[in-house]
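As the structure lists them, so they are numbered: ligands from 1, and atoms in each ligand from 1.
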Amino acid sequence: MIEIQNLTKIYGDTTVVDQVSMTVETGQIAALVGTSGSGKTTLLRMINRLVEPSSGKVLIDGEDTSRIPAHALRRRIGYAIQGHGLFPHRSVAQNIATVPALLKWSEADIRARVDELLELFQMSPAQFRDRMPYELSGGQQQRVGVARALAARPELLLMDEPFGALDPVIRAKAQQDLRDIQRRLGTTLVIVTHDMEEAVALGDRIAVMDKGELLQYGPPSEVLTQPAAPFVRELIGEGERPFRLLSLTRVGDIAKTGEAGGETIPAGASLRDALAECLWSGRSALPVEGGGVVTLDQLESRAAQASVA
Ligand SMILES: Nc1ncnc2c1ncn2[C@@H]1O[C@H](COP(=O)(O)OP(=O)(O)OP(=O)(O)O)[C@@H](O)[C@H]1O
């Protein structure tokens, strides 16, 4: 569990993070969202002390991080940034092995871990282990960046706009992969994004920041339905709101019995994905993987409910 208590950063006479308090439970994802300059990155970096707080505290599992030497702290915390930051002259395996090698893991353990992570990210180890970063697509580089951050099994992973540079399709896939892997490994994750949609897709809790202040911190459904301030409402975007709410529910949760033709949609896809699929393929119902259907009528009535909620 991460407890952030009255955390503040002041540069000169400007307060860029202002008395922020929030708790992230173990195994959960907190998404920090806000406009450029709202203090998200500074808040994130105070967690691993890449930025030293002016005042306030961060406790990790009850331990005050100011009492842990910064280098020791950072070894326990994975960190992934936009543009993945892979070392260009090291192979995929060497990139992923960076922290385990620093920690002096045995070669056999390192190799096993590299292969395990590549498999987890659906990149065949035999094919990708020895490639150089320039021999990978943007999406693959991104996955290697996240694999590297996870390599030493950090209890906590901090990510700053990790998917910012990806195109929307690959980005959605990367988000899904991250969520699956995070669930499987039970890693606690704090992720910075300027994109509310990404925050909704990933966060168990969303923290909305504006001008250094934490305006709202709650589950996505609460932030979307009860925005705590006009700024939060603006960030959500009134017109988009029904669609965002659709992204909170999985197709499998509303599938009903019936038959429909065409390609199936995974039960884990969101209602928003299903709506997009109906609109793109011109179908009024989609077969759901594992059985049942989801209909355009169902999706539209959900969206209509959401817009009056
Ligand atoms: N080292 C520094 N010295 C002075 N001011 C800084 C420093 N680092 C950040 N700031 C200022 O603090 C404010 C918050 O920056 P921060 O990077 O945390 O915002 P952000 O919400 O992550 O923005 P973005 O989405 O653009 O990255 C900005 O106004 C920035 O100019």
Side-chain angles (χ1 to χ4, degrees), residues 2-24 29-58 60 65-66 70-71 73-74 77-86 138 141-142 145-146 149 156-168 171-172 174-175 178 188-218 220 223 227-237 240 244:
I2 313 168
E3 293 162 272
I4 295 173
Q5 299 177 345
N6 297 315
L7 204 59
T8 298
K9 182 68 191 180
I10 301 171
Y11 287 114
D13 51 11
T14 313
T15 304
V16 298
V17 172
D18 195 0
Q19 302 257 356
V20 169
S21 297
M22 57 189 270
T23 299
V24 187
I29 303 183
L32 307 180
V33 64
T35 49
S36 178
S38 54
K40 309 177 294 291
T41 297
T42 306
L43 177 60
L44 189 79
R45 290 182 170 192
M46 285 195 280
I47 299 175
N48 65 359
R49 287 179 50 208
L50 277 175
V51 170
E52 290 291 345
S54 303
S55 62
K57 274 198 232 189
V58 178
I60 297 183
T65 54
S66 68
H71 67 273
L73 182 68
R74 288 201 281 270
I77 302 178
Y79 187 56
I81 52 171
Q82 179 171 11
H84 53 78
L86 295 183
Q141 291 181 17
Q142 197 65 48
V146 177
L156 170 60
L157 179 58
L158 307 179
M159 304 182 97
D160 197 344
E161 298 271 3
F163 306 130
L166 300 182
D167 76 57
R171 188 170 174 156
Q175 289 169 353
L178 176 66
T188 309
L189 194 80
V190 182
I191 184 165
V192 162
T193 174
H194 63 270
D195 179 3
M196 184 56 104
E197 205 169 312
E198 181 158 275
V200 169
L202 286 173
D204 295 300
R205 291 267 184 293
I206 297 180
V208 185
M209 301 219 21
D210 184 35
K211 302 190 190 80
E213 284 181 39
L214 180 60
L215 295 184
Q216 187 167 12
Y217 184 50
V223 172
F231 175 78
V232 181
R233 195 176 288 273
E234 210 176 292
L235 207 62
I236 295 166
E240 280 274 300
R244 296 229 161 92

Check your understanding: For atom 7 (C) of ligand 1, is some protein heavy-atom partner under 4.0 Å away?
Key -> yes

Check your understanding: Going by the order shown, which atoms of ligand 1 are within less than 4.0 Å of some heavy atom of Thr41?
Key -> 17 (O), 18 (O), 20 (P), 22 (O), 27 (O)

Review point. Taking it one step at a time, do Leu43 and Leu32 satisfy side chain to side chain contact (heavy atoms under 4.5 Å, CB included)?
Key: CA-CA 9 Å; Leu43 177 60; Leu32 307 180; 3.9 Å; yes

Check your understanding: Thr65 and Ile47: side chain to side chain contact (heavy atoms under 4.5 Å, CB included), yes or no, with the steps?
Key -> CA-CA 8 Å; Thr65 54; Ile47 299 175; over 6 Å; no

Check your understanding: Can you tell which of Val16, Leu43, Thr14 gets a heavy atom nearest to atom 13 (C) of ligand 1?
Key -> Val16

Practice item. For the pair Glu3 (side chain) and Thr23 (backbone), establish whether a donor and an acceptor sit closer than 3.5 Å, ignoring hydrogens and angles. Key: no

**Study point:** Shortest protein contact, atom 4 (C) of ligand 1 (heavy atom only)
**Key:** Tyr11 CG, 3.4 Å

Check your understanding: Identify the closest protein heavy atom to atom 14 (C) of ligand 1: which residue and atom is it, and at what distance?
Key -> Gly37 O, 3.5 Å

Check your understanding: Any sub-3.5 Å donor-acceptor pair from Thr8's side-chain atoms to Gly56's backbone N or O?
Key -> no

Exercise for review: Take every heavy atom of Gly39, measure it against each atom of ligand 1, and state whether any distance is under 4.0 Å.
Suggested key: yes

Review point. Just by distance, do the side chain of Gln216 and the backbone of Pro227 share a donor-acceptor pair under 3.5 Å?
Key: no

Review point. Do you see a protein non-hydrogen atom under 4.0 Å from atom 22 (O) of ligand 1?
Key: yes

Check your understanding: Which atoms of ligand 1 sit under 4.0 Å from any heavy atom of Ser38?
Key -> 19 (O), 20 (P), 21 (O)

Review point. What protein heavy atom is closest to atom 25 (O) of ligand 1, reported as residue, atom name and distance in Å?
Key: Lys40 NZ, 2.9 Å

Exercise for review: Give yes or no for whether the N/O distance cutoff of 3.5 Å, strictly under, is met between Glu161 and ligand 1.
Suggested key: no

Check your understanding: Should Leu7 and Lys57 be marked as a side chain to side chain contact (heavy atoms under 4.5 Å, CB included) after you check the CA-CA gap, both sets of side-chain angles, and the distance that decides it?
Key -> CA-CA 6 Å; Leu7 204 59; Lys57 274 198 232 189; 5.7 Å; no

**Study point:** Derivation of the side-chain hydrogen bond (donor to acceptor under 3.5 Å, both in side chains) call for Asp210 and Ser38
**Key:** CA-CA 5 Å; Asp210 184 35; Ser38 54; over 6 Å; no

Point to revise | Side-chain donor/acceptor of Lys40 to backbone N/O of Gly212, under 3.5 Å | key: no

Check your understanding: Between atom CD1 of Ile29 and atom CG of Leu178, what is the distance when rounded to the nearest 0.5 Å?
Key -> 5.5 Å

Revision key, fill the gap. In this structure, atom 26 (O) of ligand 1 is nearest to the protein heavy atom Ser36 OG, 2.7 Å

Check your understanding: Has Thr35 got any heavy atom lying under 4.0 angstrom from an atom of ligand 1?
Key -> yes

Check your understanding: Tell me, which protein residue and heavy-atom name are nearest atom 16 (P) of ligand 1, and how many Å apart are they?
Key -> Thr42 OG1, 3.5 Å

